[in-house]
Amino acid sequence: MNVDVVVTVAKIAVVLGLLLQVAPIMVWVERRGSAMMQDRPGPNRLGPFGLFQALADAVKFLFKEDVTPAAADKPLYLMAPALALLPAFTTSVVIPWGPNFTWDGKEYAFTVSNADTGVLLFLALASLGVYSLVMAGYASNNKFSLLGSIRASAQLISYELAMTVAVLAVIIPVGSFHLTDVVAYQRTNTWNCLLQPFGFLVFCIAAFAETNRLPFDLPEAESELVAGFHTEYSAMRFAAFFQAEYTSMAALSALGCTLFLGGWSLPWLNYEGMGWLGVALGLGTLLAKVGVCMFVFVWVRWTFPRFRYDQLMRLGWKFLLPVALLNLIAVSAMTLAGWL
Amino acid sequence: MTQPLALPEDDHDGLFADSEEMELSFGPQHPATHGVLRLKLKINGERIVESYPVIGYLHRGTEKLFELHPFFQNIPHTDRMDYVAAATNNQAYVGAVEKLLGLVVPPRARCIRIILAELQRISSHLLWLATHAIDIGAMTPFFYTFREREILLDLFEDYCGARLTLNCMRPGGLPYDLPVGWTGRCAALMADLPGKLDEYEELLTNNRIWKKRTVGIGVLPPEVAIDYGVTGPMLRGSGVRWDLRKALPYDGYDEVEFEVPIGRNGDTYDRYIVRMIEMRQSVRIINQCLEKLPEGPIMAKRPRVMKAGKDAEIYHGIEGPKGEIGFYIVGDGTPNPYRCHVRPPSFINLQSLPELCKGALIADLVALIGTTDIVLGEVDR
């Protein structure tokens with residue numbers, strides 16, 4: 001058998017295995033984390049520290065009745081949750097999870113796909129996410145869902161722009177779409193969040209909006225739209241939206257860490273000479289960074305109130321996009337001048 | 001004034017067919033309508049063109065029930081109107097009956113009544129703050145305020161055994177004296193509370209997003225507020241210094257010192273600030289009462305069977321947490337009231353909602369329902 005195929009399958013297994021764990025772990029982190037911030041114990045009955053709560057939740061979702069409203073547009077209604085999972089799981093193919101490793105005398109990058117388009121592939125796949133929200137809201141035939149999906153389409157498209165421009169600014173000095181090169185660049189220079197603080201800020205804000213997390217959780221806005229685009233969903237289909245949200249949070253955190261926070265590397269540490277141990281340490285480093293980002297997501301959610309729809313759009317178009325563009329121009333000029 | 005009937009029942013007549021507008025039934029089963037309020041909305045995109053509150057989902061015929069029971073048996077009915085502010089409902093009702101029968105409440109009972117009423121005001125405002133913040137998307141203050149409300153409700157439980165439907169006042173005085181150690185626990189909570197209020201304010205008052213969502217939203221000009229008969233923090237938020245505790249003092253409110261906060265712009269943020277200051281002023285009132293709590297009886301001399309005179313009628317209103325809660329009672333010489341009408345602050349404040357949310361967005365609507373601070377048990381009765 002071709003060794004390349006085996007290696008690729010192994011990489012897919014590792015990355016998919018990691019991503020599938022995100023939702024259960026995050027459910028626990030979110031519930032215990034919010035409890036910690038809100039001065040209450042949180043779920044603590046099932047297993048040590050309530051760790052099996054996520055398991056119980058999953059079982060509950062599996063056994064709930066899966067209701068399809070009579071007035072729903074069936075094919076679209078049933079397809080939307082699956083489509084939500086698709087970008088969530090596929091975007092991480094371009095993330096380098098650790099240093100290169102050698103197998104059978106050949107060197108491999110620790111990314112599932114080392115495509116030349118790199119980060120563009122990530123952005124392209126991520127922008128598919130809006131379709132599932134729009135479809136879910138439209139197909140439910142519910143006015144609240146429809147309002148939620150209108151919000152979702154406007155919000156995701158406008159924040160994607162700012163995010164893409166912020167990402168481009170990182171790519172310019174690196175000169176390559178490969179995220180492995182972005183990491184290598186940060187290892188020789190310094191982390192991009194220090195070199196491009198404004199780009200980092202724009203990316204962070206856009207990441208919250210892209211993942212529909214508070215203070216930008218307008219498409220679901222519980223107190224306004226009941227549950228927004230997934231009001232009509234129940235059982236595992238609802239859980240699929242849940243899982244998609246957490247998984248895309250993890251994927252975006254991984255992208256953010258790779259672009260701005262040094263990826264799998266740490267300053268003054270060289271994992272590359274350590275063989276398999278280095279690969280494991282690199283993976284662990286990136287996961288730790290992603291974990292911190294995920295906790296920030298939780299922390300922000302339980303601290304801030306929600307923006308209003310028009311305020312959100314104003315922030316996106318009148319603040320984030322100009323800042324991102326200025327940042328892009330500045331970075332381009334500095335790259336031309338040879339400062340970056 | 002809105003024309004409530006301008007909105008069609010549904011779209012079967014095709015009234016919306018050619019327009020950009022959509023009818024949205026907001027409630028009665030919606031997480032942000034604080035119970036069973038239903039709002040018929042005509043919306044254009046997210047902007048509200050017209051709104052029409054539909055009430056009555058919680059109507060229990062309380063006013064008719066009053067006619068079927070003697071004066072003193074009606075107090076539990078008042079608990080169940082504004083069920084998060086039972087003590088002030090009790091106070092308004094027994095005040096009306098006392099006026100009708102000419103009972104004089106002993107000073108100790110009056111002082112304890114003020115303490116109970118102010119505790120109730122704080123607990124009602126805490127609940128308002130919790131739900132208002134959750135409507136705007138800030139979840140965490142809910143748990144903080146409920147933590148303190150829990151201790152407050154424990155105090156009520158120690159006093160009268162109930163936590164929500166207190167039934168804690170009687171015409172002529174009080175059913176029980178304060179239990180041993182109660183004043184100490186109350187004073188401890190009052191010492192604690194200002195710090196806790198600071199904690200909530202830290203999360204909200206200067207928060208940019210909170211301000212964006214509340215400043216300039218739902219402006220209620222003072223004239224309009226007065227036209228609608230709006231009372232309580234809603235009216236004071238609009239800059240009208242009207243508080244029945246100062247204007248028509250009852251139960252000895254003229255013997256305590258406190259200030260009446262008013263707003264400047266009449267928007268949601270001002271109403272928020274007014275209520276936050278009111279809680280601090282309530283703490284101040286309770287501290288004064290605890291200090292000077294007089295000794296003596298807690299019940300006036302009263303007839304065994306309370307009968308109002310023939311054709312006796314009375315209106316007595318007090319400053320509840322949500323506004324003026326008043327009772328209009330007509331007697332006919334029997335132990336039962338001939339007629340009892342309630343002036344509920346929630347019902348009348350709710351009437352200003354269509355005015356407030358003209359041209360607002362759906363996201364504002366939930367903030368505005370929160371800022372009117374309604375309890376549907378009182379709106380519908």
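Below, read A as the first sequence line, B as the second, and so on, with proteins coming before strands; counting in each chain starts at 1.
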Within 6.0 Å of [atom1] in [X], more than 12 heavy atoms from elsewhere:
X	atom1	value
A:Phe198	CZ	no
B:Tyr57	OH	yes
A:Phe242	CZ	no
B:Arg208	CZ	no

Answer yes or no: is there a donor N or O on one side and an acceptor on the other, between the side chain of A:Arg308 and the main chain of B:Arg213, under 3.5 Å?
->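 Side chain of A:Arg308 to backbone of B:Arg213: no pair is present.
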Heavy-atom donor-acceptor pair, A:Gln311 side chain to B:Lys212 backbone, under 3.5 Å |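 Answer holds: yes.
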Is any side-chain heavy atom of [X] closer than 4.5 Å to a side-chain heavy atom of [Y]?
X	Y	value
A:Trp302	B:Phe143	no
A:Tyr309	B:Ile362	no
B:Arg147	A:Asp39	yes

Please determine, among B:Asp135, B:Leu365, B:Ile369, the option with the most heavy-atom pairs under 4.5 Å with chain A.
->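 Highest number of pairs under 4.5 Å: B:Asp135.
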Side chain, backbone, both or neither of B:Leu361 within contact of chain A (heavy atoms, under 4.5 Å) =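 Contact with chain A: side chain only.
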How long is the gap from CE on B:Met139 to CZ on A:Phe304, to the nearest 0.5 Å?
->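 Reported to 0.5 Å precision, the distance equals 15.0 Å.
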Which atom pair, heavy atoms only, marks the closest approach of A:Met37 to B:Tyr144?
->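 Between these two residues, the closest heavy atoms are O-OH, 2.5 Å.
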For A:Thr303, the option from B:Ile209, B:Leu203, B:Thr140 that meets side chain to side chain contact (heavy atoms under 4.5 Å, CB included) =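 The side chain to side chain contact (heavy atoms under 4.5 Å, CB included) with A:Thr303 is passed solely by B:Leu203 among B:Ile209, B:Leu203, B:Thr140.
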